[in-house]
Amino acid sequence: MEKMKVLAEWNYTPSASKLGYTRETLYVGLGGKDGNYKFEKRPVSDDMVDTFIGGRGFGLKLLWDAVTPETKWNDPENEIVISGGPLCGITQYPGAGKCYAVFLSPLTEQTYNSNSGGYFAPLLKFSGFDAFELQGKADKEVIIYIDGDNGLVQILESNITDDKNSYVVTEHLHDYFASDEKDKRNISVVSSGEAAEYSYWGCMNFSFYDPRRKVARLKQAGRGGGGTVLKDKNVLALVVKMSKVTGTSTGPADVDTLSRIGRKLHKEIHDFDDVQCQMRSIGTAHLNEVMNDYDLLPVNNFKFGSHPDIGNIHSQEYKKRFTQGMPDGCWYGCSLSCAKATPPFTLTTGPWKGRQVIVDGPEYETVASLGSCVGIFDADWTIEANFYADHYAVDTISLGTGLAFVCECYELGLINSGHTGGLEMTFGNKDALMELIHRMAKGHDEFSRIFALGTRKMKELFAEKYGADRKIMEDIAMEGQGLEVSQYRCQESIAQWGGYFLTLKGPQHDEAWLIFMDMVNKQLPTFADKAEALFYFPNFRLWFSLVGLCKLPWNDIEPGDNRTKYKGIEAAKVPEHVENYVEIYNAVTGKNIVKEDIITMSEKMYNFERIFNLRMGKGTREQHKCPDRGLGPVFEDEWNARPEYFDGKLREAGVEPEGMPVKDKIARLLEFRRGQWETLVDSVYKRRGWNKNGIPTLETVRRLGIDYPHVVELLEKHLRPEDAYE
């Protein structure tokens with residue numbers, strides 16, 4: 001294999017991890033046209049550890065220091081920061097390979113953080129760094145290589161000139177840097193793909209080598225456009241290599257406790273997974289039919305919540321296709337093993353037509369986004385779309401929600417085949433939908449390039465270029481803050497309106513998934529209850545992003561007596577697992593936190609991130625908008641799919657529907673729900689310690705100890721007495 005040219009290199013002495021931290025970060029600056037590459041080892045302060053913790057917190061702090069309020073996503077000073085956190089890399093407890101990538105997003109034009117599994121973050125830590133900070137733009141396509149074994153960082157001129165898509169790049173670099181087959185497991189690659197040149201949906205694929213299948217597998221930092229930022233910096237890939245990995249590489253304070261708590265969860269997984277969520281055999285695809293049963297599965301751009309053809313994408317259909325009997329954890333020690341793979345699968349379209357490939361997934365979100373949401377109920381089509389999304393490095397959630405928006409615009413006559421380059425973009429048109437995916441990746445024509453910019457830009461450009469009705473598009477476009485909604489139909493859950501549209505970075509499901517608690521189990525009857533849940537769960541879930549853990553071992557496996565031992569909302573918190581996290585955090589770091597500290601640690605970063613968005617010109621009530629489709633039916637066919645149900649909801653609103661035209665029923669229900677939305681917003685803002693404009697108060701930042709002078713100065717510019725709650 002032809003050697004790559006070394007453009008710059010730097011030698012360093014790796015610092016070992018002690019109590020979960022190396023106390024150093026790696027900064028790489030790309031010099032642009034002058035080729036002035038820069039390497040720095042930067043110290044991690046006590047305040048960084050105590051306040052920002054790690055992972056997402058480190059990313060936010062480093063990004064804050066790097067950018068200005070005027071910085072745009074494609075400016076050189078925008079950074080990509082990747083960090084795991086103090087628990088990242090432990091091997092005793094499942095789900096400990098997670099990291100967060102933090103950057104200014106092309107979609108939302110504010111901060112974004114996207115999580116991924118794979119080996120990159122643990123190997124980075126064991127190579128000596130708590131975080132990797134990338135800034136600038138290269139004048140030629142480069143690969144950044146971190147060799148933790150030898151204390152070497154290199155910037156290499158890429159020699160990959162043909163197919164630059166993610167699977168190709170990842171396989172090539174595992175081969176290039178490994179000394180033999182066994183050594184490939186000591187390498188992790190972060191790459192984007194061809195589509196990131198044109199699309200704001202570009203994702204970053206993080207690899208882990210699968211020695212049983214003898215292939216590099218991919219996990220995605222999918223959301224927000226991080227792959228687009230990486231491509232804009234002219235970086236083809238990041239590579240880390242570290243072979244010296246042991247069960248004590250994090251330098252834990254108490255290995256015995258780590259091992260004891262790990263054994264406890266491994267036993268629960270062994271005893272209960274097959275009768276709970278079947279993560280080891282099906283993964284998150286177990287949700288497919290569950291969401292359909294409760295009318296929560298997005299069908300045809302979230303118009304409907306169920307479909308008679310659900311059997312075609314039932315989890316058992318995917319179980320038939322997934323390899324069974326192979327551990328599928330994306331870091332050492334994860335017995336939950338949810339990273340499913342479809343074994344040799346023959347592609348029927350696109351540049352690799354006829355090839356046999358191994359496909360990572362699909363997971364539930366992809367089955368729904370590239371299945372029911374676009375009106376397709378075909379497991380094999382979804383698997384192929386999943387492969388090409390990973391191949392081109394595109395977020396499957398945004399891709400599917402964006403395709404669904406296009407289909408509805410087409411069926412409403414807002415756009416036509418003259419605009420789409422001849423494609424009949426109707427729901428369920430497999431050929432046209434797949435063709436648009438391929439065209440988007442190549443920037444084939446005007447329509448595919450507009451599509452690639454995301455739903456918010458589509459609304460603007462469809463109106464400007466094609467004369468599409470902007471009001472209708474605003475009603476049906478399932479996006480918030482510029483980010484497409486993930487794959488749960490939230491119309492009937494007031495709490496989940498907040499879980500999607502009162503979030504820090506847009507409507508993704510990693511802050512709060514409250515649909516069952518609110519809609520099915522009726523555990524949140526008042527607005528105060530909903531606000532409390534929208535305080536607790538976003539903060540609790542955020543903690544995983546600070547310390548480097550996957551959330552699935554928290555609530556996708558439970559102790560056998562969890563539901564009987566703990567009632568109501570307490571069972572949803574899985575109290576024994578919360579205690580697990582307290583114990584393993586203390587066992588690694590040597591600290592002595594209690595469960596209440598988890599919320600406080602996270603609340604600091606939740607508010608800091610909100611303030612960061614305010615600094616970037618966002619972060620106010622104006623950005624917290626919910627489309628009509630998120631609140632209820634928009635068109636008559638939606639109402640008529642469940643007329644008795646919606647008539648009942650209208651009666652609950654104090655309106656008698658008898659004899660009323662359906663159009664008027666829809667208007668009255670949406671009017672009522674708009675009022676509920678405003679009440680929810682105020683309830684949540686009060687509970688979070690924000691003012692009526694959604695800005696954290698000075699009292700809140702002082703209570704949390706994040707009242708840095710630059711934070712206080714920024715808040716004082718925006719806080720107005722008339723916006724204060726009584």
Exercise. Would you kindly check if the NZ (Lys) or CZ (Arg) of Arg687 is within the cone defined by 45 degrees around the ring axis of Phe535 and under 6.0 Å from the six-membered ring centre?
Key: yes
Exercise. Please report the closest heavy-atom contact between Ala572 and Met517, naming both atoms and the distance.
Key: CB-SD, 3.7 Å
Quiz prompt | Within 6.0 angstrom of Lys457 NZ, more than 12 heavy atoms from elsewhere | solution = no
Quiz prompt | Greater than 12 external heavy atoms within 6.0 Å of Arg642's CZ | solution = yes
Quiz item: Under 4.0 Å between a Lys/Arg side-chain N and an Asp/Glu carboxylate O for Arg674 and Asp628?
Solution: yes
Practice problem: Report yes if the side chains of Met458 and Phe405 come closer than 4.5 Å at any heavy-atom pair, otherwise no. | Solution: yes
Exercise. Measure the acute angle between the ring planes of Phe377 and His307, then classify it against the limits of 30° and 60° as parallel, tilted or perpendicular.
Key: parallel
Quiz item: Going by heavy atoms in the side chains, are Gln481 and His624 under 4.5 Å from each other?
Solution: yes
Quiz prompt | Residues forming a side chain to side chain contact (heavy atoms under 4.5 Å, CB included) with Ser448, sequence neighbours excluded | solution = Leu436, Arg439, His444, Asp445
Quiz item: Is it true that a side-chain atom of Asp273 and a backbone atom of Arg280 form a donor plus acceptor pair closer than 3.5 Å?
Solution: yes
Exercise. Check Tyr500, Tyr364, Tyr488, Phe537 against His509 for a ring pair (Phe, Tyr, Trp, His ring centres under 6.0 Å) and give me the one that passes.
Key: Tyr488
Quiz item: In this structure, are over 12 heavy atoms from other groups packed under 6.0 Å from Glu722 atom CD?
Solution: yes
Exercise. State whether Phe646 and Lys665 meet the cation-pi test: NZ (Lys) or CZ (Arg) under 6.0 Å from the six-membered ring centroid, and within 45° of the perpendicular axis.
Key: no
Quiz prompt | Nearest heavy atoms of Asn312 and Glu317, plus distance in Å | solution = O-CG, 3.8 Å
Quiz item: Okay, side chain of Ser105, backbone of Thr111: is any donor-acceptor separation there less than 3.5 Å?
Solution: no
Practice problem: Locate the shortest heavy-atom distance separating Ala531 from Ser683; write the atom from each residue and the value. | Solution: CB-O, 3.5 Å
Exercise. Just jot down the salt bridge (charged side-chain N to carboxylate O under 4.0 Å, His left out) partners of Glu579, sequence neighbours excluded, or say none.
Key: none
Practice problem: Test side-chain contact (heavy atoms from CB on, under 4.5 Å) on Lys565 and Glu570 and set out the steps. | Solution: CA-CA 9 Å; Lys565 188 174 181 181; Glu570 291 302 320; over 6 Å; no
Quiz item: Any ion pair linking Arg489 and Glu492 (charged N to carboxylate O, less than 4.0 Å)?
Solution: no
Exercise. Kindly state whether the ring of Tyr466 and the ring of His419 have centres lying under 6.0 angstrom apart.
Key: yes
Exercise. In plain terms, say whether Glu609 and Arg56 are close enough for a salt bridge, that is, a side-chain N and a carboxylate O under 4.0 Å apart.
Key: yes
Exercise. Supply the atom-to-atom distance Trp690 CH2 to Ile611 CD1, rounded to the nearest 0.5 angstrom.
Key: 9.5 Å
Practice problem: Answer yes or no: are there more than 12 heavy-atom neighbours, outside Arg563 itself, under 6.0 Å from its atom CZ? | Solution: no
Self-check item: Trace of the side-chain hydrogen bond (donor to acceptor under 3.5 Å, both in side chains) decision for Asn386 with Asp390
Solution: CA-CA 6 Å; Asn386 185 160; Asp390 293 348; 3.2 Å; yes
Quiz item: Any cation-pi pair here, Lys505 with Tyr112, using under 6.0 Å and within 45°?
Solution: yes
Quiz item: Are any side-chain N or O atoms of Trp497 and backbone N or O atoms of Cys490, one a donor and one an acceptor, separated by less than 3.5 Å?
Solution: yes
Quiz item: Can you tell which of Lys692, Lys530, Arg621 makes a salt bridge (Lys or Arg N to Asp or Glu O under 4.0 Å) with Asp682?
Solution: Arg621
Self-check item: Derivation and outcome, salt bridge (charged side-chain N to carboxylate O under 4.0 Å, His left out), residues Arg321 and Asp380
Solution: CA-CA 9 Å; Arg321 291 161 171 79; Asp380 289 334; 2.8 Å; yes
Exercise. Please work out whether the ring planes of Trp201 and Phe451 are parallel, tilted or perpendicular, with thresholds of 30° and 60°.
Key: perpendicular
Quiz item: Taking the six-membered ring for Trp, are the ring centroids of Trp554 and Tyr581 within less than 6.0 Å of each other?
Solution: no
Quiz item: Is there side-chain contact between Tyr645 and Asp295, with at least one heavy-atom pair below 4.5 Å?
Solution: no
Exercise. Decide side-chain contact (heavy atoms from CB on, under 4.5 Å) for Ile557 and Leu552; before the verdict, give the C-alpha distance in whole Å, the side-chain angles of both, and the deciding distance to 0.1 Å.
Key: CA-CA 7 Å; Ile557 189 70; Leu552 298 183; over 6 Å; no
Quiz prompt | Heavy-atom side-chain proximity of Ile415 to Phe447 below 4.5 angstrom | solution = yes
Quiz item: Can you name the one residue among Glu474, Glu638, Glu479 that meets salt bridge (Lys or Arg N to Asp or Glu O under 4.0 Å) with Arg629?
Solution: Glu638
Self-check item: Any residue meeting salt bridge (charged side-chain N to carboxylate O under 4.0 Å, His left out) with Asp431, in chain and number order, not counting sequence neighbours
Solution: none
Quiz prompt | Close side-chain approach of Val634 and Ile666, heavy atoms under 4.5 Å | solution = no
Exercise. Might you confirm whether atom CZ of Phe516 has over 12 heavy atoms from other residues, nucleotides or ligands at distances under 6.0 Å?
Key: yes
Self-check item: Student check: side-chain heavy atoms of Met519 and Leu296 closer than 4.5 Å
Solution: yes
Exercise. For Ile494 and Leu680, work out which heavy atoms get closest and say how close.
Key: O-CD2, 3.2 Å
Practice problem: List the atom of Asp723, the atom of Asn691, and the distance in Å for their closest heavy-atom pair. | Solution: O-CB, 3.3 Å
Quiz item: Under a 4.5 Å cut-off applied to non-hydrogen side-chain atoms, are Gln496 and Asp518 in contact?
Solution: no
Quiz item: Does Glu656 CD have over 12 foreign heavy atoms under 6.0 Å away?
Solution: yes
Exercise. Kindly indicate, with the supporting measurements, whether the criterion side-chain contact (heavy atoms from CB on, under 4.5 Å) is fulfilled by Phe302 and Cys373.
Key: CA-CA 6 Å; Phe302 297 81; Cys373 198; 3.6 Å; yes
Quiz item: Would you say the side chain of Phe608 lies within less than 4.5 Å of the side chain of Leu704, judging by non-hydrogen atoms?
Solution: no
Exercise. Could you tell me which non-hydrogen atom of Cys626 sits nearest to which non-hydrogen atom of Phe501, and how far apart they are?
Key: SG-CD1, 3.5 Å
